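Structure record follows, encoded as structure tokens.
For ligands, and for the atoms within them, numbers begin at 1 and follow the listed sequence. Below, each value reflects all heavy atoms present in this structure, side chains not excepted, and no hydrogens, waters or symmetry copies. Bear in mind that the values here come from a model prediction, so they are computed numbers and not experimental data.
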Amino acid sequence: MGRMSLSALAPQRPRILSGMQPTSDSLHLGNYLGALVNWVGLQEEFDAFYFVADLHSLTVPTDPADITRRTRVTAAQFIAGGVDPTTSAVFCQSHVPEHAELGWILACQTAMGEMNRMTQFKDKTAKGHNANVGLFTYPVLMAGDIIMYDAAYVPVGEDQRQHLEITRDLAERFNQRFGETFVVPEPYILKESGAKIMDLQDPTAKMSKSESSDKGVIWLRDDPAVTAKKIRSAVTDTEAEVRYDPETKPGVSNLLVIHSVLSGTRVEELERRFSGQGYGALKGEVAEVVTEALAPFKARMDQLLGDPAELDRYLAFGAERAGEVARETMRRTRCAVGLLTAARSAASALG
Ligand code: TYM
């Protein structure tokens with residue numbers, strides 16, 4: 001890692017912020033196409049903060065060793081996907097303890113009813129997950145993550161839209177009650193397609209780290225042969241027409257979207273090209289496009305995971321940058337709500 005200086009990176013550009021949970025041993029194609037590709041594209045224009053949401057991942061009971069390992073993998077995958085850790089702050093949420101503090105202050109501005117309405121919580125509990133209080137208040141911690149960095153935009157997939165809405169509500173409410181303190185963030189969700197990649201085995205459900213079956217998910221770490229096999233076995237429909245229609249042909253539409261986002265070819269053009277060819281040809285080409293796109297990604301990821309000390313240095317650098325912003329936000333926030341400012345030194349106060 002070359003020399004990096006904090007002052008050289010002083011923010012001139014508007015900020016963006018986003019995070020991913022380390023809840024599996026790899027990110028998947030939905031995380032990549034719905035968010036990571038966008039993160040990479042935006043980092044030139046914006047002062048970017050990208051973090052591993054390790055505190056959020058504690059909402060699901062997990063073996064501690066898994067959390068540690070997955071946190072490093074997630075960070076390595078951000079970088080392997082093209083995030084530059086010397087210009088964008090790449091960090092672990094728990095390395096900036098102010099996240100938990102802001103989460104608490106915001107929780108005290110949040111109505112129980114607002115959390116009750118959150119669909120992710122409702123879905124998870126409906127599926128029989130044993131919910132804890134952390135899972136219930138998860139969106140408040142997430143709102144704090146975003147508000148902390150005065151983020152103008154938050155690049156996420158479609159499934160995070162409701163969380164962004166509650167974040168905006170909380171920021172606006174806080175500003176009304178305590179005076180202008182926070183930037184009200186805008187979601188930055190891809191319009192076209194990649195914003196919701198579907199499960200290959202159940203194309204009516206999103207591809208998910210925790211809910212999908214292994215066969216339904218393209219893990220960014222999968223061997224190319226495994227990836228190709230999963231794509232060839234993707235559920236489609238009983239017609240043979242390659243046509244984009246997410247309502248009646250969700251499986252085929254998902255494959256078209258994956259191809260289109262990765263190859264940069266418009267969906268209509270793909271429909272024309274595969275017309276009369278059946279699903280086998282489409283699947284074969286999607287497999288090629290995906291494995292080709294992921295080859296350099298995998299090489300870089302292996303290199304990063306082979307040198308955890310280097311990776312940890314990137315994370316330390318990112319946490320240092322993030323911490324600078326977070327401390328300033330908390331100073332403003334504590335002051336706004338009336339918390340007494342701590343004396344600088346207890347020893348000198350006592351003479
Ligand atoms: P997480 O870890 O579930 O997902 C990370 C990102 O990937 C996107 N995504 C998808 N996009 C398209 N198709 C899919 N099938 C798909 N599955 C996931 C998500 O929209 C997300 O952008 N709550 C967040 C983590 C978080 C966060 C934050 C995000 C915590 N604090 C602050 C932004 C800002 C989550 O669980 O993402």
Side-chain angles (χ1 to χ4, degrees), residues 15-24 26-40 42 48-60 70-71 73-75 77-78 81 83 91-94 96 99-100 102-103 106 118-121 123-124 134-135 137-149 151-168 170-171 185-212 216-220 246 250 253-254 257-258 261 322:
R15 293 209 188 102
I16 53 169
L17 170 287
S18 199
M20 300 204 194
Q21 292 196 74
T23 37
S24 59
S26 174
L27 297 175
H28 57 61
L29 196 67
N31 303 131
Y32 185 68
L33 298 181
L36 191 51
V37 166
N38 220 0
W39 292 12
V40 173
L42 293 168
F49 291 76
Y50 297 135
F51 70 98
V52 182
D54 54 355
L55 293 176
H56 277 99
S57 74
L58 299 179
T59 55
V60 179
R70 291 170 176 179
T71 297
V73 170
T74 306
Q77 294 194 332
F78 291 176
V83 171
F91 63 101
C92 289
Q93 186 183 27
S94 66
V96 184
H99 283 249
L102 185 53
L106 292 176
M118 293 284 117
T119 48
Q120 284 210 347
F121 178 77
D123 288 352
K124 286 204 167 161
L135 188 67
T137 60
Y138 178 115
V140 178
L141 184 60
M142 177 161 165
D145 300 335
I146 297 167
I147 287 172
M148 186 76 84
Y149 298 93
Y153 297 103
V154 186
V156 285
E158 181 60 45
D159 61 330
Q160 299 298 316
R161 189 181 289 281
Q162 197 184 33
H163 290 154
L164 265 293
E165 276 160 17
I166 189 83
T167 303
R168 288 173 55 81
L170 289 176
E186 294 284 346
Y188 192 107
I189 300 175
L190 287 175
K191 289 268 177 319
E192 317 82 58
S193 39
K196 198 163 184 191
I197 300 297
M198 310 310 275
D199 183 320
L200 297 180
Q201 287 299 311
D202 175 7
T204 58
K206 70 168 182 179
M207 189 178 282
S208 156
K209 294 196 214 97
S210 48
E211 308 288 339
S212 298
V217 179
I218 297 177
W219 301 109
L220 302 183
S253 303
N254 194 34
V257 165
I258 292 172
V261 181

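Side-chain contact between F51 and L17 is present, with heavy atoms from C-beta onward closer than 4.5 Å.
Here the two rings, on F49 and Y149, have centers that are under 6.0 Å apart.
Residues meeting the salt bridge (Lys or Arg N to Asp or Glu O under 4.0 Å) test with D123, sequence neighbours left out: none. Applying the side chain to side chain contact (heavy atoms under 4.5 Å, CB included) rule to T71 yields the partners P22, V52, D54, I67, C92; only residues at least two apart in sequence or on another chain are considered. Residues satisfying the ring-ring contact (aromatic ring centres under 6.0 Å, His included) test with Y138, not counting sequence neighbours, are H56, H163.
Protein neighbours of ligand 1 below 4.0 Å, counting non-hydrogen atoms: L17, S18, G19, M20, Q21, H28, G30, N31, G34, A35, F51, A53, H56, Y138, M142, D145, I146, V154, V156, G157, D159, Q160, G194, A195, K196, I197, K206, M207, K209.
Under a 4.0 Å N-O distance rule, the pair R161/E158 qualifies as a salt bridge.
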